[in-house]
Amino acid sequence: MPLKIQNVLVCDEVDKSCVDLLQEHGINVTYKLKLPVDELCKAVKNFDAAIVRSDTKITAEVLAAGAGSLKVVGRAGAGVDNIDVAAATSHNVVVLNTPGGNSISACELTCILIGALARPVVPAGQSMKEGRWDRKLYSGSELYGKTLAVLGLGRIGREVAIRMKTWGMRVIGYDPITTEAEAKAAGIEKMTLEEIWPLADYITVHTPLIPATRNLICGETLEKCKQGVKVVNVARGGIIDERAVLDALNSGKCAGAAFDVFPEEPPKSEVTKALINHPKVVATPHLGASTSEAQVRVAVEVAEQFIALNGTSPKYTTYLGVINKEALAHYQ
């Protein structure tokens, strides 16, 4: 049975292509950006669906306020950390994301950061701007022949592996779901975590933030790694223990780190600030999906899924981003 999505509330800025596509299929769109919680609670009562990115939090309070009217919450992005999925499911609200929309952009940033750890172009570039010629100070190392560990072999992890393999890196990886055959197709040797730690020269994480992955890289695991290991996080803040990495950087166990995501954004904790300011760290302000191509892609993808849920188009018929299929079953 179609969901009959007629009125959509856009809570965060999305590319115009999303609105255009929805309107072309007879769906009304209203922009109310970055509403305070009390105003958002009032607003959701008048809409069948809402679209968010990262700024708006769809909490249990918001979902309770929209009970009886709100049917779908779509995130124009990969993670759904800012949506209370359990509360949504209890209110029969379908939660969906756009899992493939920003894969290439996040992958490319990961590869760039791995390169920036091998060749210190960021501090070298800054020193040039300051009028210095510190050629000897910023000597780097080749990626060729080094071992890259990819933790999480979904879309992004596999895309990273494919690219870094062409740079001559050996790519090893871990994922409890991906099969050895799927990993091999991307040029990855699938291993257990215990096998990976002592082999990796670089480690990049590409998992969701769930209890099993929180502090996946921590003091205990870093102790099992090579002296001088380097770590990259373009996934979610909290997958890598920041305090543990800071300590490892200071001790020399970790030779470099790159972070695009943080447990709190913008960062406020003293540990995070110390990490960002460490000379061996490259830090960026959550730029993984910040490309024009990715923004169009996720905007279109969320609209396509809304239309598919309506069942009104022979062109758009799939909604692969649905997170809580049990909520969807309520309407079928």
Side-chain angles (χ1 to χ4, degrees), residues 109-128 130 132-152 160 164 167-174 189 191-207 213-264 267 269-285:
L109 180 61
T110 302
C111 297
I112 289 166
L113 291 176
I114 292 170
L117 291 180
R119 305 296 295 272
V121 294
V122 175
Q126 184 59 37
S127 75
M128 289 286 286
E130 293 169 1
R132 299 197 303 275
W133 185 261
D134 296 327
R135 188 178 180 194
K136 291 182 180 179
L137 183 61
Y138 295 116
S139 176
S141 59
E142 292 183 352
L143 291 173
Y144 183 86
K146 303 300 191 300
T147 298
L148 170 66
V150 180
L151 308 186
V160 169
M164 300 319 295
W167 281 55
M169 298 191 84
R170 176 193 181 192
V171 183
I172 60 179
Y174 168 78
E189 301 170 53
M191 298 182 176
T192 66
L193 286 171
E194 292 306 309
E195 290 172 320
I196 282 172
W197 302 128
L199 297 177
D201 296 299
Y202 292 80
I203 303 173
T204 179
V205 294
H206 298 285
T207 70
T213 63
R214 184 174 290 278
N215 294 334
L216 180 62
I217 296 178
C218 58
E220 181 183 349
T221 53
L222 284 168
E223 277 302 309
K224 299 174 184 178
C225 292
K226 282 184 179 182
Q227 188 74 9
V229 68
K230 297 175 181 178
V231 299
V232 178
N233 188 1
V234 183
R236 280 289 180 267
I239 298 172
I240 298 179
D241 183 337
E242 293 182 339
R243 165 60 75 183
V245 171
L246 187 59
D247 291 343
L249 287 165
N250 289 330
S251 73
K253 180 68 178 183
C254 185
F259 285 83
D260 183 53
V261 288
F262 306 90
E264 187 179 30
S269 84
E270 292 306 311
V271 170
T272 307
K273 289 179 180 178
L275 187 73
I276 291 168
N277 286 294
H278 196 283
K280 294 180 182 177
V281 169
V282 178
T284 49

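What you see is a predicted model, and the numbers here were worked out from it, not measured in a lab.
Between F262 and I276, the closest side-chain pair of non-hydrogen atoms falls below 4.5 Å. Between H278 and N250, the closest side-chain pair of non-hydrogen atoms falls below 4.5 Å. At a threshold of 4.5 Å between non-hydrogen side-chain atoms, the residues V231 and N233 do not count as touching.
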Begin with the C-alpha distance, continue with both residues' side-chain angles, and end with the deciding distance and a verdict on side chain to side chain contact (heavy atoms under 4.5 Å, CB included) for K253 and Q227. CA-CA 5 Å; K253 180 68 178 183; Q227 188 74 9; 3.5 Å; yes
Please lay out, stage by stage, how V245 and F259 fare under the test side chain to side chain contact (heavy atoms under 4.5 Å, CB included). CA-CA 11 Å; V245 171; F259 285 83; 4.2 Å; yes
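Residue L151 forms a side chain to side chain contact (heavy atoms under 4.5 Å, CB included) with just one option from I239, L216, T213, I172, and that option is L216.
Shown here for I196 and A149, the closest heavy-atom pair between the two residues is CG2-CB, 3.6 Å. Here the closest heavy-atom approach between residue G228 and residue A255 is recorded as O-CB, 3.3 Å. Shown here for L143 and M169, the closest heavy-atom pair between the two residues is O-CG, 3.4 Å. Here the shortest heavy-atom pairing between C254 and K230 reads SG-CA, 4.5 Å.
Qualifying side chain to side chain contact (heavy atoms under 4.5 Å, CB included) partners for P123, counting only residues two or more places apart in sequence or in other chains: P120, Y138. In this structure V122 satisfies the side chain to side chain contact (heavy atoms under 4.5 Å, CB included) test together with V282, sequence neighbours excluded. Among residues two or more places apart in sequence or in another chain, the side-chain hydrogen bond (donor to acceptor under 3.5 Å, both in side chains) test is passed with K226 by D201. Residues forming a salt bridge (Lys or Arg N to Asp or Glu O under 4.0 Å) with K280 (at least two apart in sequence, or on another chain): none. The side chain to side chain contact (heavy atoms under 4.5 Å, CB included) test applied to T192 returns E194, E195, not counting sequence neighbours. Considering only residues two or more places apart in sequence or on other chains, D260 meets the side-chain hydrogen bond (donor to acceptor under 3.5 Å, both in side chains) condition with T284. With sequence neighbours excluded, the residues forming a side chain to side chain contact (heavy atoms under 4.5 Å, CB included) with V229 are I203, L222, C225, listed by chain and number.
Residue pairs meeting the side-chain hydrogen bond (donor to acceptor under 3.5 Å, both in side chains) criterion with at least one partner in residues 235-247, sequence neighbours excluded, are D81-R236, E242-T272. Contacts classified as salt bridge (charged side-chain N to carboxylate O under 4.0 Å, His left out) and involving residues 134-145 (residues at least two apart or in different chains) are given here: R132-D134. Sorted by first and then second residue, the pairs that involve residues 112-128 and meet side-chain hydrogen bond (donor to acceptor under 3.5 Å, both in side chains), not counting sequence neighbours, are Q126-E130.
Here L117 contributes atom CG and I112 contributes atom CD1; the two are 12.5 Å apart, rounded to the nearest 0.5 Å. Taken to the nearest 0.5 Å, the CZ atom of R214 stands 11.0 Å off from the OG1 atom of T207. One finds the CZ atom of R170 at 5.5 Å from the CG atom of L199 (value rounded to the nearest 0.5 Å). Atom CD of E189 and atom OG1 of T147 lie 8.0 Å apart (nearest 0.5 Å). Going from atom OH of Y202 over to atom CD1 of I114 covers 8.5 Å, rounded to the nearest 0.5 Å.
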